[in-house]
Enquirer: 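First the structure, then my questions, so here it is.
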Amino acid sequence: MASRKKKLTLTFIIGFITIIFVLPVLYALGVPRGEVVLTALFGEGSMWAVIFSLLCIGLVIFGISKATK
């Protein structure tokens, strides 16, 4: 069990460091934020943008839960 906890902790730390270093680089390269992309795809204040976002978040959570088991 200690090995699994150590692996999860290491995965979290690597993910956190990746976010800290990758997001500023993407912003500097001009990659638009998620809000801008959703507005361009679905329009301002669209309910479909919320549904799409929740679906993406759900898929990520499902994938993480499958990967950690």
Side-chain angles (χ1 to χ4, degrees):
M1 209 46 144
S3 175
R4 182 173 182 221
K5 184 175 181 180
K6 191 177 196 180
K7 182 179 176 183
L8 288 175
T9 304
L10 183 62
T11 303
F12 175 78
I13 291 171
I14 290 172
F16 190 74
I17 290 172
T18 302
I19 289 171
I20 287 175
F21 288 113
V22 170
L23 286 181
V25 172
L26 291 176
Y27 181 73
L29 291 174
V31 176
R33 295 183 348 193
E35 172 193 358
V36 176
V37 173
L38 288 174
T39 303
L41 288 174
F42 299 107
E44 186 76 29
S46 174
M47 187 57 136
W48 287 108
V50 174
I51 293 170
F52 181 77
S53 298
L54 290 175
L55 181 66
C56 288
I57 291 170
L59 286 173
V60 168
I61 291 172
F62 177 74
I64 290 172
S65 69
K66 292 290 270 186
T68 57
K69 287 185 180 180

Enquirer: Would you give the length of the straight line joining atom CD1 of Ile17 to atom CZ of Phe12, rounded to the nearest 0.5 angstrom?
Expert: 10.0 Å
Enquirer: With sequence neighbours excluded, what pairs up with Tyr27 under the ring pair (Phe, Tyr, Trp, His ring centres under 6.0 Å) test?
Expert: none
Enquirer: Scan residues 51-61 for pairs that pass salt bridge (charged side-chain N to carboxylate O under 4.0 Å, His left out), counting only residues two or more places apart or in two chains.
Expert: none
Enquirer: By the rule that ILVMFWY residues connect when side-chain heavy atoms come within less than 4.5 angstrom, directly or transitively, which residues belong alongside Ile57?
Expert: Ile61
Enquirer: Could I get the full list of side chain to side chain contact (heavy atoms under 4.5 Å, CB included) partners for Ile20, not counting sequence neighbours?
Expert: Phe16
Enquirer: For Leu54, enumerate each residue passing the side chain to side chain contact (heavy atoms under 4.5 Å, CB included) test, keeping only those at least two apart in sequence or located in another chain.
Expert: Val50
Enquirer: Considering non-hydrogen atoms only, spot the tightest contact between Pro32 and Val37 and give its length.
Expert: CG-CG2, 3.9 Å
Enquirer: Using the test side chain to side chain contact (heavy atoms under 4.5 Å, CB included), find all partners of Ile64 that sit at least two apart in sequence or belong to another chain.
Expert: Val60, Thr68
Enquirer: Test: side chain to side chain donor-acceptor pair (under 3.5 Å). Region: residues 34-57. Which pairs qualify, not counting sequence neighbours?
Expert: Arg33-Glu35
Enquirer: Under the side chain to side chain contact (heavy atoms under 4.5 Å, CB included) rule, collect the residues that match up with Ile14, sequence neighbours excluded.
Expert: Leu10, Thr18
Enquirer: Give every residue pair that meets the ring-ring contact (aromatic ring centres under 6.0 Å, His included) criterion with at least one member in residues 49-69, sequence neighbours excluded.
Expert: Phe42-Phe52
